[in-house]
Amino acid sequence: MIILSKNQLEALLDANGIYAENALILDSQYALPTKRWLLNEFAVALRNWYFSLGLSGYTAGSNDCENFARGAAFYADLAHRNSSRKNGVETTGLAFGEFWYRQRDGKGGHAINIAIVAEGKPEIIFFEPQTQQQVPLIQQEIAPCIGYRF
């Protein structure tokens, strides 16, 4: 498993044009999940978790994009904590966080998740927690984003 320091994670985000006034990188090091794990095992488990809580449907104001993004980040942290002892990365955060941006279609702000994944070279991907799928963003959505939190 690849581990990045807080400074390395920040440098990777900067090198990919991801800047935000509201940026929080709270841990000193981060384990990078694999893309395969995130888009398969994690996505299925997240969907099942939302269903088990009765929170799978969108409700404006009470169960909307920022709630899904916050929930997915929390659930990813739980999954990381449960597996970290086996992988020897107990003292790391997981490179999976919340990401807020302005949508290109003019619908306003939106919250999703951002992840740094690695199956070789680290890659930044965006994850829509409402559909549990990777989503493409264009540069006008990525930078300047409203904020992110790892």
Side-chain angles (χ1 to χ4, degrees), residues 1-47 49-50 53 55-81 83-84 89 91-150:
M1 180 170 281
I2 296 176
I3 307 291
L4 293 182
S5 70
K6 175 181 182 172
N7 292 339
Q8 289 171 314
L9 188 138
E10 188 171 37
L12 181 63
L13 293 168
D14 288 348
N16 283 277
I18 301 175
Y19 308 102
E21 273 186 43
N22 302 303
L24 294 171
I25 301 175
L26 301 169
D27 294 319
S28 61
Q29 29 178 17
Y30 290 86
L32 278 53
T34 65
K35 187 175 185 177
R36 183 176 38 247
W37 174 81
L38 181 67
L39 299 178
N40 294 294
E41 183 180 330
F42 173 75
V44 169
L46 178 65
R47 181 180 311 113
W49 184 62
Y50 284 146
L53 296 173
L55 298 173
S56 60
Y58 176 91
T59 305
S62 65
N63 194 45
D64 51 14
C65 64
E66 75 272 8
N67 303 109
F68 278 100
R70 189 171 37 246
F74 173 73
Y75 192 74
D77 281 342
L78 287 177
H80 177 62
R81 294 288 159 248
S83 68
S84 64
V89 291
T91 60
T92 68
L94 184 68
F96 183 90
E98 298 167 59
F99 188 83
W100 306 279
Y101 67 100
R102 288 176 187 81
Q103 295 175 306
R104 65 182 140 206
D105 59 12
K107 290 183 181 176
H110 189 51
I112 59 173
N113 297 103
I114 183 172
I116 314 301
V117 297
E119 290 175 21
K121 181 181 174 188
E123 174 188 4
I124 299 169
I125 67 167
F126 298 97
F127 180 83
E128 174 55 74
Q130 294 177 64
T131 62
Q132 300 87 43
Q133 296 178 351
Q134 183 177 353
V135 293
L137 295 185
I138 60 171
Q139 196 57 38
Q140 292 90 333
E141 293 171 316
I142 294 171
C145 65
I146 298 167
Y148 59 80
R149 177 179 185 258
F150 282 92

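Looking only at side-chain heavy atoms (C-beta outward), R149 and F99 stay at 4.5 Å or farther from each other. Under the 4.5 Å side-chain criterion, counting only non-hydrogen atoms from C-beta, E98 is in contact with N113. Counting only heavy atoms from C-beta outward, the side chains of I112 and P129 approach each other to under 4.5 Å. Within the 4.5 Å cutoff, the side chain of L13 has heavy atoms near those of the I124 side chain.
In this structure, the side chain of H80 does not engage the main chain of P33 through any donor-acceptor pair within 3.5 Å. For the pair N22 (side chain) and I146 (backbone), a donor-acceptor distance under 3.5 Å is present. Not a single donor-acceptor pair under 3.5 Å links the side chain of Y101 to the backbone N or O of H110. Formation of a donor-acceptor pair under 3.5 Å by the E128 side chain with backbone atoms of Q133 is not found in this model.
A distance of 11.0 Å separates CD of E119 from CG of L32, quoted to the nearest 0.5 Å. With values rounded to the nearest 0.5 angstrom, L94 atom CG is found 8.5 Å from L38 atom CG. Atom CD1 of I125 is separated from atom CG of L39 by 4.5 Å, given to the nearest 0.5 angstrom. Rounding to the nearest 0.5 angstrom, the gap separating the CZ atom in F127 from the CG atom in L46 is 5.5 Å. Between the CD1 atom of I2 and the NZ atom of K121 there is a distance of 11.5 Å, given to the nearest 0.5 Å. The SG atom of C145 sits 7.5 Å away from the CD1 atom of I114 when rounded to the nearest 0.5 Å.
Shortest non-hydrogen contact noted between G93 and R81 is CA-NH2, 4.1 Å. The shortest heavy-atom contact between A111 and E66 is CB-CA, 3.7 Å. Closest approach of I3 and Q29 over heavy atoms only: CG2-OE1, 3.5 Å. Of all the heavy atoms in N16 and L12, the pair that sits closest is ND2-O, 2.8 Å.
Few gaps surround CD on Q139; more than 12 heavy atoms of other groups in view lie less than 6.0 Å from it. At most 12 non-hydrogen atoms from other residues, nucleotides or ligands lie less than 6.0 angstrom from CZ of R36. Within a 6.0 Å sphere centred on CZ of F74, other residues, nucleotides and ligands contribute 12 heavy atoms or fewer.
Each of W37, F42, Y30 was scored for a ring pair (Phe, Tyr, Trp, His ring centres under 6.0 Å) with F96, with one residue passing: F42.
Partners of R102 by salt bridge (charged side-chain N to carboxylate O under 4.0 Å, His left out), not counting sequence neighbours: none found.
Taking the ring centroids of F68 and Y50, they lie under the 6.0 Å cut-off.
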Go through I18 and Y148 one step at a time and tell me if the side chain to side chain contact (heavy atoms under 4.5 Å, CB included) criterion holds.
CA-CA 9 Å; I18 301 175; Y148 59 80; 3.9 Å; yes

